[in-house]
Amino acid sequence: MDKQYDFISRELEIQKFWQKNGIFKFDPDLEKEVFSIDTPPPTVSGQMHIGHSFSYTQQDIVARFARLANKNVFYPFGTDDNGLPTERLIEKLKNVRTVDMKRSQFIELCQKTLQEILPDFIQDWKDIGMSCDFDLYYSTIDDNSRRLSQQSFIDLYKMGRAYRIEAPVVWCPTCRTAISQMEMEDRVDESKFCDLTFKLDNGEELIISTTRPELLSSCVAIFVNPQDERYQKIVNQMAQVPIFNHKVKVIADSRAEMEKGTGAAMCCTFGDATDMQWYRAHKLPLILSIDQSGHMTDKAGKYKGMTAKEAREAITSDLKVAGLMIGEKKITHNVNVHERCKTQVEIINSKQWFIKYLDLKEQFLSAGNKLNWYPDFMKSRLENWIKGLQWDWCISRQRFFGVPFPLWYCKNCGKVKLANVDDLPVDPIKDKPKTPCDCGSNEFEPEIDVLDTWATSSLTPQIAISLVSDKVAKDKLFPMSLRPQAHDIISFWLFNTLVKSLLHENKNPWRDVMISGWVLDPKGRKMSKSLGNVIEPKNIIKSYGADAIRYWACGAALGQDISFTEEEIRVGKKTVLKLWNAARFCKLQFEQNLFTPDNEKLNLEPEDEWIISRLIIAVDEYKKSFKQYNLPMARAAVDKLFWDDFADNYLEIIKERVYGQDEGSKHAALNTLYSILFGIVCLYSPIIAHVSEKIYDEIYKRDKNKESISQFIFGDLNLGKVNKNIVSDFEIVKKIISKIRKYKSEHQLSINAPISKVTIQAEDDFEAYFSLIKSVSNAKSVTLGRGNLEIEDTVKVKIS
RNA sequence: GCACCCGUAGCUCAGUUGGUUAGAGCGCAUCGUUGACAUCGAUGAGGUCAUCCGUUCGAGUCGGAUCGGGUGCACCA
């Protein structure tokens, strides 16, 4: 056994061992309860983030625990590699722009590039010791995922849930695509509130405040609150829009807020979501002044071709010159931006596909309520989100690299022609329908939009399960046991998966949900390139090892964001080294004494019985904690057993027996050492997986009939009953040992320094422990007594 | 505005269903290296559990209010 544990080479070696021997391969034939995990497929948009290594380790620890608890673990791995994030990555890597390329060329480039980068990308996940069955692999753009995603769409269409309409949608002018409500985020922006003069028919002037004067050409009405006494007499009058001079009606509507601006608002199609509501409620005309790329249309007259921002400046200066703008004040307000590119979104009218689901809010809420949430409070994030839903799910994207819609439109009658389910996956641009339209026409127009990537990744349970061919096994896999993920995508991935599962399977996709927190920098800020505070997992693995990261991740409560500090990682490394050294000590003793384990007629000493009881107690705490997904508590249970009881005390106590001549006592000690260390290594194996495997390999593999430590279950530990008396007595024994050490420390003696006499005040039956106390303290005698401490190297300990 | 989380030792955090003297690691101080470990060990000093009120025989833990830090959602003419 190496004197120095070289974690860099050992961890790599062990990962290869796992891989080569298919240690984590899912076997559908095992007669065990299945534990199926809906592994999050990481988005291929760059490199692994420290937050990934944190949350993926947490779920991996749970997976490994499940194996220890005798479950047949189904743990697939996928990558989410289509849609905007992937397109953007390819553009960056290959220095191209989609707009300059042919669609087919770009798709080809995406596919080719993915082939190049995916092995390295996936390797990052292997580097932290993930115990997935990497043969159960899917990509959300592979043929099988396309097929299932397209089939999902067809099913939803046939249910009447998928529909296509021309409607205002949230639009990103940079990405030139519709996006969904969940893809927006907030940003605080500086802007100007401009006071503009509208002329009323009666000759009076009406002042309106707006932040978006560039939309004047789209102004279709003016709204005032019906309660607003200032404006009651002008309701239903016409007002003339400055610069453009068309006339719009003043309408009373309670959505107009009296306190905001002057209390009179102009409604433009469309400036914001309220405009859209007014447009629908009052059947207002549609005037689109901004096109899909964010430029002004010919409706904007002389401002045509400018960007919205340019137009705003131009029109503001024109208004000032014309004396129609009588004031402006700087304000800061929130604007919605596209989370992928941070561009301010617009509302634009266009034809899109939607999934109708606003009518199902109640079902969603009750489904969310049926899940077991760890931690429980994360449920309210989902509830909050569902309650706030205002749009159906827009699933079409005007992009290229994604799953195509499996349909065409008849050129003659316009009707939708769906692909046959048997022919999936299809690409309507390349493929043709096999039968004519109902109207008899054979001329079709393909749908060129692609599906929102969430429309596919919301099917991960179905996709992962489809990789198993065994029909019986499939039934055991769904609903899945666990969805692990971080909290940032509760409203995206978790919610969408829930939606699809309810629509398709009419039941929840999983039983449990575990939510990991985020890793923040040491100051508690989000990590970002612009702040320069990004931590690369690769560097951490190099300096501390993957096990150190794993140990660290196991110490954080679920759902709680955690500040990254290198000191915390150092503790993990320390634990790994301590375990390695303790194991090395044990192995040394086994070798020097030609020890072979057997359990016959052992002459157990009290300390042996104590540490055996402590193992039983620790296993119990460990199991209880894990069942509640309480990772830190489970870790603490092993830590206490290993550091406090085993390394600091038990090892020290038995040294003399192991070095001594009493063969019976020596054998009992070695045997206990052998089984307790094995228990400890088993308990540590889900957490610091590599070093545990290596210790198993060094010490236990030759005697035990299994290839890997991860093939053992709690039952293999053959735990008996706890001896409660010895356990409580040992709390006192440990205190006595501690007092003797304190005495030595205070007298500047080394920890092994001999002392002549220890006097202990205790009940007579406590004398059973005197021998081990004598041994661990290197005292010439330990006696029962009542006197005070008088001789310099004599210790008196009082037991209460 | 609505909702959620957090506030415990100098720092980072743990404290199951209320129950003796509130824990860990780091840091700090003192001491100690010839039989696993100096990438170490031993010992020790640090706490009015944010504040106030209440429930209770008993509150870090339960309820209410307040203050401070953060997050999600909404609003954003």
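Numbers restart at 1 for each chain; the letters A, B, ... are given by sequence-line order, proteins then strands. Owing to the predicted nature of the structure, the values given are computational and were not obtained by experimental measurement.
One finds a side-chain N or O of A:Lys655 lying less than 4.0 angstrom from the OP1 or OP2 phosphate oxygen of B:A36. At least one side-chain nitrogen or oxygen of A:His333 sits closer than 4.0 Å to the OP1 or OP2 atom of B:A77. Contact between the side-chain N/O atoms of A:Lys624 and the OP1/OP2 oxygens of B:U16 is not found at any separation under 4.0 Å. Between A:Lys640 and B:G23, a side-chain N or O to OP1/OP2 separation shorter than 4.0 Å is absent. Taking 4.0 angstrom as the limit, A:Thr211 places a side-chain polar atom (N or O) nearer than this to OP1 or OP2 of B:A77. Between B:C75 and A:Gln390, a contact under 4.0 Å exists linking OP1 or OP2 to a side-chain N or O.
Using a 4.0 Å heavy-atom cutoff across all strands shown, A:Gln181 reaches sugar-phosphate atoms only and no base atom. Here A:Glu383 lies out of heavy-atom contact (under 4.0 Å) with every strand. Heavy atoms of A:Lys742 sit under 4.0 angstrom from primed sugar atoms or phosphate atoms, though from no base atom. Using a 4.0 Å heavy-atom cutoff across all strands shown, A:Ile751 reaches sugar-phosphate atoms only and no base atom. The residue A:Ser191 sits apart from the nucleic acid: no heavy atom pair falls under 4.0 Å. Within the nucleic acid shown, A:Ser738 comes within 4.0 Å of sugar-phosphate atoms alone, with no base atom in reach, counting heavy atoms only. Residue contacts for A:Ala256: at a heavy-atom cut-off of 4.0 Å it reaches a base atom on one of the strands shown. Contact annotation for A:Thr274: backbone-only contact, meaning every heavy-atom pair under 4.0 Å involves sugar-phosphate atoms and none involves a base. Residue A:Ala636 is out of contact with every strand shown, counting any heavy-atom pair closer than 4.0 Å. Within 4.0 Å of A:Tyr659, counting heavy atoms only, lies at least one base atom of the nucleic acid. Counting any heavy atom pair closer than 4.0 Å across all strands shown, A:Val335 reaches a base atom. Across all strands shown, A:Trp552 has no heavy atoms under 4.0 Å from either base or sugar-phosphate atoms.
The same atom, C1', is picked in B:C49 and in B:G23; the two are 12 Å apart, to the nearest Å. For the P atom pair drawn from B:G25 and B:A45, the interatomic distance equals 15 Å after rounding to whole Å. A gap of 23 Å separates the P atoms of B:C40 and B:C13, to the nearest Å. Look at the C1' atom in both B:U51 and B:A59: the space between them is 16 Å, to the nearest Å. Look at the C1' atom in both B:G1 and B:U16: the space between them is 36 Å, to the nearest Å. Taking atom C1' in both B:C11 and B:U61, the straight-line distance is 24 Å, to the nearest Å. Using atom C1' as the reference point in both B:U66 and B:G46, the two lie 29 Å apart (nearest Å). The C1' atoms of B:U34 and B:G41 are separated by 15 Å, rounded to the nearest whole Å.
Comparing B:C31, B:A77, B:C75 by their nearest atom to the side chain of A:Asp186 picks out B:C75. Checking B:A36, B:U12, B:C4 against every side-chain atom of A:Gln589, the shortest atom distance belongs to B:A36. Across B:A36, B:G44, B:A42, the shortest atom-to-atom separation from the side chain of A:Phe585 is found for B:A36. Checked against B:C75, B:A77, B:A3, the side chain of A:Ser380 finds its nearest nucleotide in B:A3. The A:Asn384 side chain lies nearest to B:A3 when the options are B:A36, B:A3, B:U39. Side-chain proximity of A:Ala647 to B:C4, B:C73, B:A36: nearest is B:A36. Of all nucleotides listed (B:C37, B:G41, B:A77), B:A77 comes nearest to the side chain of A:Ala265. Side-chain proximity of A:Asp648 to B:U12, B:A42, B:A77: nearest is B:A42. Out of B:G72, B:A36, B:C26, the shortest distance to the side chain of A:Arg381 is found at B:G72. When distances are taken from the side chain of A:Lys574 to each of B:C73, B:A77, B:G25, the shortest belongs to B:G25.
A salt bridge links A:Lys342 to A:Glu185: one of the charged nitrogens lies within less than 4.0 Å of a carboxylate oxygen. Under the 4.0 Å criterion applied to side-chain N and carboxylate O atoms, A:Arg657 and A:Glu607 are assigned as salt-bridge partners. Using a 4.0 Å cut-off between a side-chain N of Lys or Arg and a carboxylate O of Asp or Glu, A:Asp648 and A:Lys734 do not qualify as a salt bridge. Under a 4.0 Å N-O distance rule, the pair A:Arg10/A:Asp2 qualifies as a salt bridge.
Under a cut-off of 6.0 angstrom, the local environment of NZ in A:Lys624 is sparse, with at most 12 non-hydrogen atoms contributed by other residues, nucleotides or ligands.
Nucleotide B:G46 is shown with a syn base, its glycosidic torsion being within 90° of 0.
Stacking between A:Trp580 and B:A36 is absent: the aromatic ring centre is not both under 5.5 angstrom from the base six-membered ring centre and within 30 degrees in plane angle.
Cation-pi geometry between A:Arg570 and A:Tyr544 is not satisfied (NZ or CZ under 6.0 Å from the ring centre, within 45° of the ring normal). Both the sub-6.0 Å distance and the 45° axial angle are satisfied by A:Lys526 relative to the ring of A:Trp518.
The partner of B:C13, taking Watson-Crick or G-U wobble pairs whose two distances both stay under 3.5 Å, is B:G23. Checking B:G1 for Watson-Crick or G-U wobble geometry (two distances, each under 3.5 Å) identifies B:C73 as its partner. In a base pair of the Watson-Crick type (N1 to N3 plus N6-O4 or O6-N4) or a G-U wobble (N1-O2 and O6-N3), with each distance short of 3.5 Å, B:U61 is matched with no nucleotide.
In this structure the side chain of A:Leu319 reaches within 4.5 angstrom of the side chain of A:Ile243, judged on heavy atoms.
You'll find the ring centres of A:Phe193 and A:His333 outside the 6.0 Å limit.
The interatomic distance linking A:Lys573 (NZ) with B:C37 (C1') rounds to 14 Å, in whole Å. The CG-C1' distance, from A:Leu365 to B:C73, rounds to 14 Å in whole Å. Residue A:Tyr5 contributes atom OH, which lies 21 Å from atom C1' of B:A38 at whole-angstrom precision. In this structure, the CE atom of A:Met1 is 12 Å from the P atom of B:C37, given to the nearest Å. A:Leu382 has its CG atom 12 Å from the C1' atom of B:G72, to the nearest Å. Atom NZ of A:Lys523 is separated from atom P of B:G70 by 15 Å (rounded to the nearest Å). The separation between A:Glu567 atom CD and B:C11 atom P is 14 Å, rounded to whole Å. For the pair A:Glu183 CD and B:G72 P, the computed distance is 17 Å after rounding to whole Å.
The side-chain contact (heavy atoms from CB on, under 4.5 Å) test with A:Trp278 is passed by exactly one of A:Val220, A:Ile251, A:Asp253: A:Asp253.
Across the interface with RNA chain B, nearest-nucleotide mapping of A:Asp272 and A:Pro632 shows A:Pro632 to be the residue nearer the 5′ end. Nearest-nucleotide assignment on RNA chain B puts the 5′-proximal partner with A:Ile562, out of A:Met184 and A:Ile562.
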